[in-house]
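Notes to accompany the following structure.
Here the structure is a predicted model, which is why all the values come from computation and not from measurement. Note on naming: letters A, B, ... go to the chains in the order of the sequence lines (proteins, then strands), and numbering restarts at 1 for each one.
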Amino acid sequence: MKEILKKAEKLGCKIPHKKWSDIDREVAPVLREMEKAGIKIDVSALKRLEKKLSIKVSGIEKKIYKLAGREFNISSPGQLSEVLFSKLKLPTEDLRRIKTGISTSASELEKLKDKHKIIPAILEYRELSKLLSTYLEPLPTLVDGDSRLHTHFGQDTRTTRLTSSEPNLQNIPIKGERGPEIRQAFIAEKGNKLISADYSQIELRVVACLAQDEVMLEAFSRGEDIHAKTASELFRIPVSKVDHDHRRLAKTVNFGIVYGISPFGLSQALGIARESAAEYIFRYFDIHRGIKRYCKEQIALAKKYGYVETLFGFRRKLPEINSENKMVAESAERMAINTPVQGTAAEILKLAMIELHRKLKSEIRMSKSETNPKFECRNPKLLLTVHDELVVEAPAAKAKKVAKLVKEVMENEVKLCVPVEVEVGIGGNWDSAKKNVIK
DNA sequence: ACAATGGTCC
DNA sequence: ACTCGGACCATTGTA
């Protein structure tokens, strides 16, 4: 990794001279303060939503029993499988097999969506009962006297990514019709705003830099839409002819690259044939020679030294890369590709957190004259970290200034050989903060 | 208490 | 016949 650092600095990157252990030591007290601060919850809004959805779910439950011809435990994959495939005799040919029988996962049930009215009902039941049991029911019981929720941050021992537990605030729903409704219950204290700042494609930028992939470096440097660019390469059409479906497929391929792509994995993610997936991968590597070289190199390094490392020198041991079992070895190969990318992205975020924490204290906090003594105006505080996002709470009067600082620090604390771009928004709740992006 | 299954996020 | 990387958590069903 030393060589990459040297080369990177020559290319005008700014990489702090720190080891992963320095970063961890410095980020720990920041995380402790974030845990202590917590995030405010609109408890009554969550409870209202809980009521609404639990009524809805019992209606769906009845409907499912009626369609099935009898009552059973819908949450039990075993019982559900019995009803769908033995009683209702739905076709099982192209469904995935698991240890205990036939899979009833959402991605498999999707294939049966048009075969029977019970399928959409089950999917909706699953969705709603998930939200109820994982978020809407537990969260209100976990708030403190100020209606604030305090998570516990930890760190993944293999990639150095930060984790969140009891409760996990890194998997709060965002998609679908219910995601935003739940996020609207994560609010700022009266007189304050929430600021949400997101890195844009940080992992792809990291891999472009680590791999020195010419095509990708060029695209990012020009500020192009990277997924559309990839789509135009894969389908051999100009970017202007790229439609929504092209782009969606290319996006999945790009994710696949970061994860250590395989034809099987990609085919499953896209729901297409293995051969087609293999063809896309072939085309991708044919154009992105740097990425291809990087993948080969990481696997070779893991085999030679028994580990791979991040930009800041964190090592992940991968003894299984020499396994006789091909599947086990291939899994280790994907980790050899993914870990430096995911780990480096995590380190960049932590460095930004450390610096932001310092600046929020020294720069913003001093300007007392701006605060209105009539309102309860707290100092700006880091609250959450969600892998490529930071959530900050700040007095409304300072929100814009703080938001600009957050963006500036995240974009410049580490400079890669491509621009690091951050989207930042301000709102009264987490949902609106993410949507209300400032210029 | 633990494995298996399923589902939410980045 | 086969998992695209990394978490945390709920429920069911068996030990």
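- When distances run from any side-chain atom of A/Phe264 to the nucleotides C/dC2, C/dG6, B/dC10, the shortest one goes to C/dC2.
- Classification of the A/Tyr280-A/Phe235 ring pair by plane angle, with boundaries at 30° and 60°, yields perpendicular.
- Nearest to the side-chain atoms of A/Met327 among the listed nucleotides B/dC10, C/dT3, C/dG6 stands C/dT3.
- Taking 4.0 angstrom as the limit, A/Arg126 places a side-chain polar atom (N or O) nearer than this to OP1 or OP2 of B/dG7.
- Backbone-only contact: A/Gln268 has heavy atoms under 4.0 Å from sugar-phosphate atoms and none from a base.
- Looking at the side chain of A/Met335, the nearest of the listed nucleotides B/dG6, C/dG5, C/dC8 is C/dG5.
- Closest to the side chain of A/Asn168, out of B/dG6, B/dC10, C/dC9, is C/dC9.
- Taking every side-chain heavy atom of A/Tyr259 into account, C/dC4 is the closest of C/dG6, C/dC2, C/dC4.
- One can find a donor-acceptor pair under 3.5 Å joining the base of C/dG5 and the side-chain atoms of A/Gln342.
- Checked against C/dC2, B/dG6, B/dC10, the side chain of A/Arg274 finds its nearest nucleotide in C/dC2.
- Contacts of A/Arg178 with the nucleic acid, taken as non-hydrogen atoms under 4.0 Å apart, are absent.
- Checked against C/dA10, B/dG7, C/dC4, the side chain of A/Leu266 finds its nearest nucleotide in C/dC4.
- Out of C/dT12, C/dC2, C/dA10, the shortest distance to the side chain of A/Asn73 is found at C/dT12.
- Checked against the 6.0 Å centroid threshold, A/Phe312 and A/Trp20 do not count as a close aromatic pair.
- Put simply, the side chain of A/Arg334 and the base of C/dG5 share no donor and acceptor less than 3.5 Å apart.
- Counting only N and O atoms by type, the side chains of A/Thr151 and A/Ser164 include a donor and acceptor under 3.5 Å apart.
- Comparing the P positions of C/dC4 and B/dG6 gives a spacing of 14 Å, expressed to the nearest Å.
- Under the ring pair (Phe, Tyr, Trp, His ring centres under 6.0 Å) criterion, A/His288 pairs with A/Tyr284, sequence neighbours left out.
- To the nearest whole angstrom, the two C1' atoms, one in C/dA1 and one in B/dG7, are 25 Å apart.
- Both A/Ser164 and A/Arg161 lie near DNA chain C, and the one whose nearest nucleotide falls closer to the 5' end is A/Arg161.
- Rounded to whole Å, atom P of B/dT8 lies 7 Å from atom CD of A/Glu127.
- Neither OP1 nor OP2 of C/dC2 sits under 4.0 Å from any side-chain N or O of A/Ser262.
- Taking atom CZ of A/Phe153 as the reference point, atom P of C/dC8 lies 13 Å away to the nearest angstrom.
- Of the candidates C/dC8, C/dG6, C/dT3, the closest approach to any side-chain atom of A/Thr163 belongs to C/dC8.
- Taking 3.5 Å as the limit, the base of C/dT12 and the side chain of A/Ser75 contain no donor-acceptor pair of atoms between them.
- Taking only side-chain atoms of A/Ile174, from C-beta outward, the nucleotide of C/dT3, B/dC10, B/dT5 with the closest atom is B/dC10.
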